[in-house]
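These notes are about the structure you will find just below.
Lettering of chains follows the sequences in order, A, B, ..., and the numbering in each one begins at 1.
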Protein chains: 2
Amino acid sequence: MSDSESVSLENLIKQDSPLETNSDWSDDETAAKTGLPVGSLATGLCYDVRMRYHCEVRPTTEVHPEDPRRIYYIYKELCRAGLVDDPDSIQPLAPRTLKRIAARNATEEEITLIHSQAHYAFVRSTSDMSDDDLVFLEKTRDSIYFNRLTFASALLSTGGAIETCLAVARRHVKNAIAVIRPPGHHAEHDDAMGFCLFNNVPVAARVCQRTLGDECRKIMILDWDVHHGNGVQKAFYNDPNVLYISIHVYQNGKFYPGGSEGDLDHCGEGAGLGKNVNIPWPDQGMGDGDYMHAFQKVVMPIAMEFDPDLVIVSAGFDAAAGDALGGCFVSPSCYAQMTHMLMTLANGKVAVCLEGGYNFRSISKSALAVTKTLMGEPPDRLAKTAPTAEAIETVGRVMTTQAQYWRCMYPKPPNNPAWTNRLHDVLREYQAHQLYENFKLTPLYIYRNKISKSFENQVLASANYHKRVPLIVVFHDPPELMGYPDPVTSKLEAHNCWMSDAQQDYIGWFISKGYAVIDVNIPKHVTQVPATSKFENEDENRSTATEELASYLWDNYIDLFDKREVYFLGIGSAFAGVVNLLINRENLYKRVSGVVSFVAENPVRAVASSTQVWLSKWYRDNSLVFVAETHAVWRDQDRKPSKRYGTLFKSTKSSLGEMMTEHQQQVFEWFAERADEALDETEDEADEDAAM
Amino acid sequence: MSDSESVSLENLIKQDSPLETNSDWSDDETAAKTGLPVGSLATGLCYDVRMRYHCEVRPTTEVHPEDPRRIYYIYKELCRAGLVDDPDSIQPLAPRTLKRIAARNATEEEITLIHSQAHYAFVRSTSDMSDDDLVFLEKTRDSIYFNRLTFASALLSTGGAIETCLAVARRHVKNAIAVIRPPGHHAEHDDAMGFCLFNNVPVAARVCQRTLGDECRKIMILDWDVHHGNGVQKAFYNDPNVLYISIHVYQNGKFYPGGSEGDLDHCGEGAGLGKNVNIPWPDQGMGDGDYMHAFQKVVMPIAMEFDPDLVIVSAGFDAAAGDALGGCFVSPSCYAQMTHMLMTLANGKVAVCLEGGYNFRSISKSALAVTKTLMGEPPDRLAKTAPTAEAIETVGRVMTTQAQYWRCMYPKPPNNPAWTNRLHDVLREYQAHQLYENFKLTPLYIYRNKISKSFENQVLASANYHKRVPLIVVFHDPPELMGYPDPVTSKLEAHNCWMSDAQQDYIGWFISKGYAVIDVNIPKHVTQVPATSKFENEDENRSTATEELASYLWDNYIDLFDKREVYFLGIGSAFAGVVNLLINRENLYKRVSGVVSFVAENPVRAVASSTQVWLSKWYRDNSLVFVAETHAVWRDQDRKPSKRYGTLFKSTKSSLGEMMTEHQQQVFEWFAERADEALDETEDEADEDAAM
């Protein structure tokens with residue numbers, strides 16, 4: 001396969017260019033980049049045993065998780081894999097071993113790029129405190145311990161991060177990993193917390209910017225530590241040149257470091273608006289599929305658009321499988337995959353700096369996988385790749401939020417002032433019209449001062465609601481909708497949207513039986529005037545407001561006669577208000593003949609009360625609760641659901657609409673059996689009414 | 001920084017494990033994988049000058065684009081970059097040069113794994129045909145030429161692909177690139193077409209499966225050639241073990257190879273259902289941002305979930321910037337980025353096989369970027385990263401389609417039988433109710449046999465429609481909707497959806513002026529009975545049906561008196577029917593006093609006719625056409641829009657709703673000026689009506 005034949009072959013080849021542009025073809029321009037200028041460089045490693053000096057002065061039986069051995073074990077793992085040229089280690093097994101990057105003490109000037117002078121002085125002051133003072137100090141702070149070598153280790157940790165990032169940014173190495181401690185990402189401008197003294201990565205980022213200028217202006221910090229990096233976020237909150245992306249467990253602000261700062265609506269401010277991206281997992285237990293999903297949908301598109309000059313990874317390994325603090329299940333392969341993805345950025349300038357991670361095996365395996373990937377080993381295949389519904393939900397909300405700031409994120413939020421009608425109100429008006437046309441239901445007067453304005457137009461009743469016939473009070477959620485939105489604008493085409501409105505059949509049947517009906521629609525969000533087209537979560541006080549309404553209806557429209565049969569039909573989460581009424585209004589349940597409810601996604605509500613001892617038994621005897629087969633209540637197969645949930649019936653369907661259609665006959669029979677007797681008693685009266 | 005201190009340090013370190021799991025920590029288990037077993041291997045290169053023998057026997061002045069020099073220039077580019085250890089080339093500049101993979105002739109047995117015996121025999125038969133016969137043969141086929149060495153080159157090309165894929169799958173190399181021709185991906189079971197003789201990649205895939213068994217069972221073929229790989233798709237259409245993903249220009253089936261096979265609804269069949277993923281660009285001109293978007297949103301998530309044992313790239317470089325046939329703008333860096341992403345799969349087993357690509361410089365630069373990436377060089381940064389609206393739309397539709405087959409793809413399509421009400425019908429009923437409540441508009445009787453059933457309930461008129469007052473006939477699209485769907489289920493919350501219904505104000509004003517109004521809603525899709533919740537495109541016959549309706553209304557309800565003033569108000573694409581009526585009904589325009597229309601996204605319609613010479617001038621004098629500022633009609637700043645478009649007015653708004661709100665006053669004045677005079681004349685009659 002030598003090229004000796006090529007001379008004769010040239011004759012075969014035509015001299016004309018097949019396409020116009022081919023005539024521009026010239027050899028000179030193409031010789032610009034030769035070889036593998038970056039690919040031939042080594043990967044850097046920063047590690048210094050002296051960072052292990054920081055430890056508890058008076059260890060208790062409970063060993064502190066931020067244990068000095070953390071970095072030692074990682075380092076040993078890299079040695080054992082043959083990646084380090086260490087005299088005490090096995091022979092190097094990589095064609096090119098890790099290139100050592102020497103750690104050094106960070107200077108006061110460097111540290112005060114991020115921290116206050118006072119904070120620096122405070123940490124320094126710990127270096128000559130007595131043991132007693134150090135132990136006392138620990139108690140005054142949030143999750144941090146000190147010894148007399150803490151300051152020394154912290155200086156080295158920050159200095160190690162600086163030298164690592166500089167080596168990468170200056171292209172002295174292809175990329176690098178800094179196995180450093182104490183970690184940094186919780187440390188704030190004026191505060192040490194969460195095992196962190198100085199915020200290593202932000203200091204390093206600022207030093208790179210100062211030292212290298214335009215060559216390293218835009219820096220992306222990707223924080224996959226399981227905790228939110230509050231310190232990093234704050235350091236650059238109004239900085240347009242530092243993009244901070246954090247994937248962390250949030251637990252509605254209850255997970256460390258807590259508060260709302262780690263939520264997805266914290267997007268930066270001022271010039272930095274949009275340059276802070278939080279991906280807050282709703283709970284622990286997240287795994288590879290979730291992280292890959294977040295990377296594919298949010299991290300990489302935004303990172304590509306930001307186009308950083310340098311990528312720094314705040315690499316805690318506490319989301320790793322095996323880490324008890326993190327409680328997540330990220331595999332070493334997944335860390336490798338994420339690293340590989342980040343290597344497409346900044347022409348490969350990636351500096352990985354250790355943050356948290358407390359299971360020795362997990363952090364060692366994870367750090368090894370990351371290091372091998374940095375060195376050019378392809379990442380291992382993942383065992384589990386599908387994201388959970390929780391991850392899809394979270395990532396979807398992050399995308400909608402970030403779409404305000406990033407061209408690559410869709411759909412864009414609606415800011416079109418012509419969106420004047422909230423569909424909820426349109427649909428309720430449609431329903432009211434239908435219920436009037438078909439069954440002559442009309443609005444009940446609701447006294448407004450007591451009851452939220454929202455309930456205007458939401459309560460409809462049949463003409464016989466005040467007669468002594470069985471009364472069915474229906475509390476339901478707004479109709480279910482489904483549609484295909486335009487991926488760019490979120491616009492929907494009316495012909496590609498559907499509504500499910502299964503309660504119409506129920507009301508029709510009740511009316512046909514001669515029962516009275518009160519139909520109550522409980523909006524998830526009460527439209528404000530003027531209407532805005534902002535995304536709204538379900539109103540926080542929805543359940544309380546529903547209970548108030550139920551109570552008001554009870555007093556004014558339901559409990560009119562002693563012997564009246566009253567039934568409740570609950571559809572979806574609107575039912576919560578009814579349950580609260582049963583629990584909170586003493587002895588009210590004795591006036592209720594039965595309760596049917598449909599539960600698809602909201603929790604099944606227990607009906608029990610410490611002051612009404614018979615309530616729970618009454619509920620069991622007089623309720624029929626259909627629960628979707630996909631509901632969590634069925635998940636634990638070894639345990640029967642609580643009796644206080646009433647008489648549960650496992651549906652084979654999963655949505656409210658489907659369930660209501662499926663169990664229609666069963667519900668009708670249930671009502672007929674109980675209510676028809678009552679109806680007979682009032683027949684005479686009803687006849688009189690009809691004659692009127 | 002030696003580890004000599006570690007002995008003493010060990011004493012500092014506690015022996016207790018901080019976490020229970022840390023006690024499991026053992027050295028033995030961790031030593032499993034050492035070094036960089038894959039990363040230390042070389043990248044493979046297959047190239048053989050003899051593949052250049054296939055060329056036209058009788059070249060015309062127009063050189064054929066599938067030019068033998070294609071592979072030569074790519075090879076030379078790799079040499080020039082110092083990546084090849086070639087005696088005639090410059091010194092190698094990479095730490096490890098490309099490892100040569102020798103091409104060989106594919107065997108008949110191998111080729112007939114994909115092709116028919118007859119096809120093999122046919123291609124072989126060309127090797128001893130006369131020149132005249134070969135030239136004649138070329139004319140009987142679709143885009144393919146032959147010479148007596150065609151067969152030889154084709155055997156080598158396929159054999160090269162086989163050896164390349166085997167070397168990668170067997171891990172003799174880290175990964176590899178095969179610089180081969182003639183290309184293969186258009187070649188079908190029994191047909192040579194589109195410059196392709198034997199389908200190299202599918203043959204190689206089958207050989208790998210046969211040779212390596214379970215070790216190489218699942219193969220992913222990623223085809224980024226700008227043309228759809230019809231041959232590859234067909235070869236594995238019902239095969240669950242070969243995932244074919246193609247990104248190509250489709251142009252509604254008009255781009256080569258044409259037909260509907262390349263459309264996104266071709267997803268495989270039988271056991272192979274879901275294992276065929278087409279990403280069909282609506283047109284040429286796509287670039288880096290679009291390809292990255294497709295990779296991030298579709299290619300990588302699906303590929304991760306499929307988790308192949310081997311990745312083969314059908315790597316045409318005709319989507320590259322500079323390729324006149326492809327007309328797209330993919331940069332070498334983008335090819336590198338895509339390659340880098342694919343390298344996360346199959347533990348890095350990626351074999352790149354050349355397909356099309358006809359600009360020498362573009363293919364050389366692109367292939368070089370791909371090769372360097374395979375060798376470990378980080379990809380360059382991209383200049384343009386934002387996807388176009390066309391790409392977002394296409395990718396979104398692909399995601400919805402593939403969500404049926406892939407766990408990672410969302411939102412899932414709705415298959416819930418409880419979705420009974422198409423929202424379009426709900427909303428029109430709501431509108432009708434509102435128009436009755438507010439303005440006493442009632443349905444007009446529409447004779448059904450002639451007019452589609454769809455128009456039931458869609459035509460509403462004020463009580464005075466048959467009086468001699470100015471009549472405004474409003475043809476409008478269904479109301480605009482917008483909403484935030486659930487990212488998993490596509491479900492919408494009614495309180496997070498909005499409707500824009502700006503024509504209500506217009507109708508209110510017309511009524512207040514005493515004009516007559518006919519309000520016509522033109523659905524985009526006519527609901528069928530029974531209703532399905534399937535996604536529907538706009539009905540193809542919508543414009544014709546609208547014209548029919550307009551014509552029917554004209555005869556029965558509009559053209560009642562000689563001297564009546566008739567105006568049309570068109571909102572959105574519903575207006576097309578009115579335009580057709582004006583053009584197709586001879587002299588009808590002479591009875592129309594004026595036309596106002598709002599155009600946001602649909603094309604601006606020219607009103608002109610060869611049989612009605614004054615129509616166009618009349619339209620210009622009597623029309624007011626508001627066009628969104630974002631509309632294509634304004635794009636060419638050097639050219640004034642055609643006069644036949646009427647009197648255009650460039651709105652500062654971009655959606656119908658916004659435009660109608662913005663220009664309300666202007667439209668009211670326009671109508672008042674013209675119609676009020678007519679109204680004065682009929683005032684007496686109107687007074688009489690009121691007295692009735």
Angle class for the B:His340/A:His340 ring planes (parallel below 30°, perpendicular above 60°, tilted otherwise)? parallel

Quick one: closest heavy-atom pair of B:Leu36 and A:Pro95, and the distance? CD1-CD, 4.3 Å

Contacting region of B:Ile392 [heavy-atom separation from chain A under 4.5 Å]: both

At their closest point, which heavy atom of B:Gln434 faces which heavy atom of A:Glu429, and how far apart are they? OE1-OE2, 2.5 Å

Between A:Glu305 and B:Thr385, which heavy-atom pair has the shortest distance, and what is it? CA-OG1, 3.4 Å

Checking B:Leu83 against chain A: side chain, backbone, both or neither under 4.5 Å from a heavy atom? side chain

What is the minimum heavy-atom distance between A:Met343 and B:Pro379, and which atoms define it? O-CD, 4.0 Å

Hey, which of B:Ala336, B:Pro479, B:Ser654, B:Pro301 has the most heavy atom pairs under 4.5 Å with chain A? B:Pro301

Greater than 12 external heavy atoms within 6.0 Å of B:Arg397's CZ: no

For A:Ala346 and B:Arg381, work out which heavy atoms get closest and say how close. CA-CD, 3.7 Å

Side chain / backbone / both / neither for B:Met659 at chain A, heavy atoms under 4.5 Å: neither

Part of B:Met292 lying under 4.5 Å from any heavy atom of chain A: side chain

